[in-house]
Amino acid sequence: MSMFCNQCEQAANGTGCNISGVCGKKPDVAALQDHLLYGLKSLALYADKLGRDAEIDRFTIEALFSTVTNVDFDPEDIAKLIQKCYQLKEKAKAASGAAISGPVADWKPAADLATMVAQGEQHGINTQHVNEDIRSTIEILMYGLKGMSAYMDHAMILGRSNDEVMAFFQKALAATTDANLGLMDFVGLCMECGKQNLTVMGLLDTAHNETYGAPVPTPVNLGTKAGKGILVTGHDLKMLEELLKQTEGKGINIYTHGEMLPAHGYPGLKKYPHLVGNFGGAWQDQAREFPNFPGAIIFNTNCIQRPADSYKDRLYTWGLVQWPGVTHINGWDFSEVINKALECPSLPENPGQEILTGFGHNAVLGVADKVIAAVKAGQIKHFFLVGGCDGAKSGRNYYTEFAEKAPQDTVILTLACGKYRFNKLEFGDIGGIPRLLDIGQCNDAYSAIQIAVALAGAFECGVNDLPLSMILSWYEQKAVVILLTLLSLGIKNIRLGPSLPAFITPNVLAFLVENFNIMPITTAEEDLKAILG
Ligand code: SF4
Ligand code: SF3
């Protein structure tokens, strides 16, 4: 059985995974994911006519997020989502009364797994359009929708939604099946996806800030404390909060991993004394780091990799993440994880280095006067946003070198998991302003945008005219949608690495270069020289 997937930066040979996924995705799961996406498009044809239906909208978000890189590797689970998708399509068809015909509208999955896989093989990404440039823009749109669904999922977990955004999800999914649409129609939908994602990231930012208070600069210990422990990795703050509540007084310390690091900056989470520190680095180091964490470990979003036997029995998944054979926690009762942590060996007392997080837009704009004065006095010459995903490629050392080589009179804003490449280095400060400011998770790109817009306001110029350069790293589809958001805001001159997406054709790339001057990273020295002159 063969497969084809090119949605992430790991795409084999820079073109696509066709035997098995570099991420660990097997051909049957790839086919089932393609099948599910086809089903979602079928559902959207009717949901787009129906208007808002809470059950359909929630399902659409969860199903899309399940197909993001490193989320759901369980064929049985994806098969269940396909069947649920069909039920909802029938519901939407009946409720909308819409008479639509054609193969997408008429989609019906088989009842058994093997046939569902075979059906999925007929709906691979290469079947999305005959024209390769249009196919490329459809792929960008689909990956943008996937990325946006992840942020919407977190917002929905905190009780937020937005009708306009949900209408866009259904409209855009339905549009991908419309043979009458051309290249510029899909370019327009990609830009609209970026714009809608700004709303979603804003929704999530408000949800985080209202629920847990605005982040404040907070030192985070990278060592361990004597006692039992649970390591939490992913992005979801609500899940962490529930776990903190359920472990109070139980003698268990909670550690963050990967994109959970910024959780330490939120007053509503840092108030728990047993949230003690951050363990390990970014997602791609899990197989090397998890064996060294003797307690229980839980994933609440991407990015899971094939677990080694050395820690599989103390590993748990929650939310949409699933791996066959790994215990999945449904709902909000974490007693199984807590009991496992109590059975596991204790961690040693081993205090470590402290790093700072918690520089969200409130914290940074709270000292905006100081920052603006430092720029006017020539103490800060340039800002760099060095942010995005981490990954396994050696080319990602560029980001470490870039941060290290950035001159002393520059400030580095960072976000997402790529910062683990340099967040333990000593950068010093400029008149009390730390030279490295950790804005937060990838979704906190919203904060970075707020900061950039406020600076542009203060200097009475546009964001493109600020002494600010964006040096971004990408891996999965959340980075794709953030890039679309930045482009939809008209932000130019973004440097992107470690390699350009396999799903972008030369013509589509030429369009992006012409309109946005987007460029691949070269070397840290060359790029710094080109930016600073
Ligand atoms: Fe390959 Fe990435 Fe697709 Fe996994 S998600 S199969 S690594 S392109
Ligand atoms: Fe990282 Fe997966 Fe993308 Fe949230 S966690 S940024 S890679």
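Order of appearance sets the numbers: ligands from 1, and atoms from 1 within every ligand. Start at 1 with the first residue, then count along the sequence.
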Check ligand 1 against C17 and write out every atom of the ligand that is under 4.0 Å from a heavy-atom position of the residue.
-> 1 (Fe), 6 (S), 7 (S), 8 (S)

Test T218 against every option in E354, H264, K270 by the side-chain hydrogen bond (donor to acceptor under 3.5 Å, both in side chains) rule and name the one that passes.
-> K270

M3: numbered ligand 1 atoms lying under 4.0 Å from its heavy atoms = 6 (S)

Would L158 and Y212 count as a side chain to side chain contact (heavy atoms under 4.5 Å, CB included) if you check the C-alpha gap in whole Å, the side-chain angles of each, and the deciding distance to 0.1 Å?
-> CA-CA 11 Å; L158 287 168; Y212 304 113; 3.9 Å; yes

Run the salt-bridge test on E139 and R135 with the 4.0 Å N-O cut-off and return the result as yes or no.
-> no

F503 and Y143: CA distance, side-chain angles, deciding distance, ring-ring contact (aromatic ring centres under 6.0 Å, His included) verdict = CA-CA 10 Å; F503 49 84; Y143 303 147; 4.8 Å; yes

Would Y475 and W283 count as a ring-ring contact (aromatic ring centres under 6.0 Å, His included) if you check the C-alpha gap in whole Å, the side-chain angles of each, and the deciding distance to 0.1 Å?
-> CA-CA 11 Å; Y475 169 57; W283 67 273; 4.4 Å; yes

Could you tell me which atoms of ligand 1, counted from 1 in the order shown, lie closer than 4.0 angstrom to a heavy atom of Q7?
-> 5 (S), 8 (S)

Against heavy atoms of Q10, which atoms of ligand 1 measure under 4.0 Å?
-> 7 (S)

Hey, does the side chain of R396 reach the backbone of S473 with a donor-acceptor pair shorter than 3.5 angstrom?
-> no

One finds that the ligand 1 atoms under 4.0 Å from a non-hydrogen atom of G21 are 6 (S)

Salt-bridge contact K80-D77 (side-chain N to carboxylate O under 4.0 Å) = no

In F293, F279, Y420, F290, the residue satisfying ring-ring contact (aromatic ring centres under 6.0 Å, His included) with H257 is F290

Give the numbers and elements of all ligand 1 atoms closer than 4.0 Å to a heavy atom of V22.
-> 1 (Fe), 7 (S)

For ligand 1, which atoms, with element, lie under 4.0 Å from some heavy atom of T69?
-> 5 (S)

Is there a donor-acceptor pair under 3.5 Å between the side chain of S447 and the backbone N or O of G360?
-> no

Check ligand 1 against N6 and write out every atom of the ligand that is under 4.0 Å from a heavy-atom position of the residue.
-> 8 (S)

Protein neighbours of ligand 2 with a heavy atom under 4.0 Å, given by chain and number, are H235, E259, W283, N302, C303, C389, A416, C417, C442, Y475, E476

When you look for heavy atoms under 4.0 Å from ligand 1, do you find them on the side chain of N70, its backbone, both, or neither?
-> neither

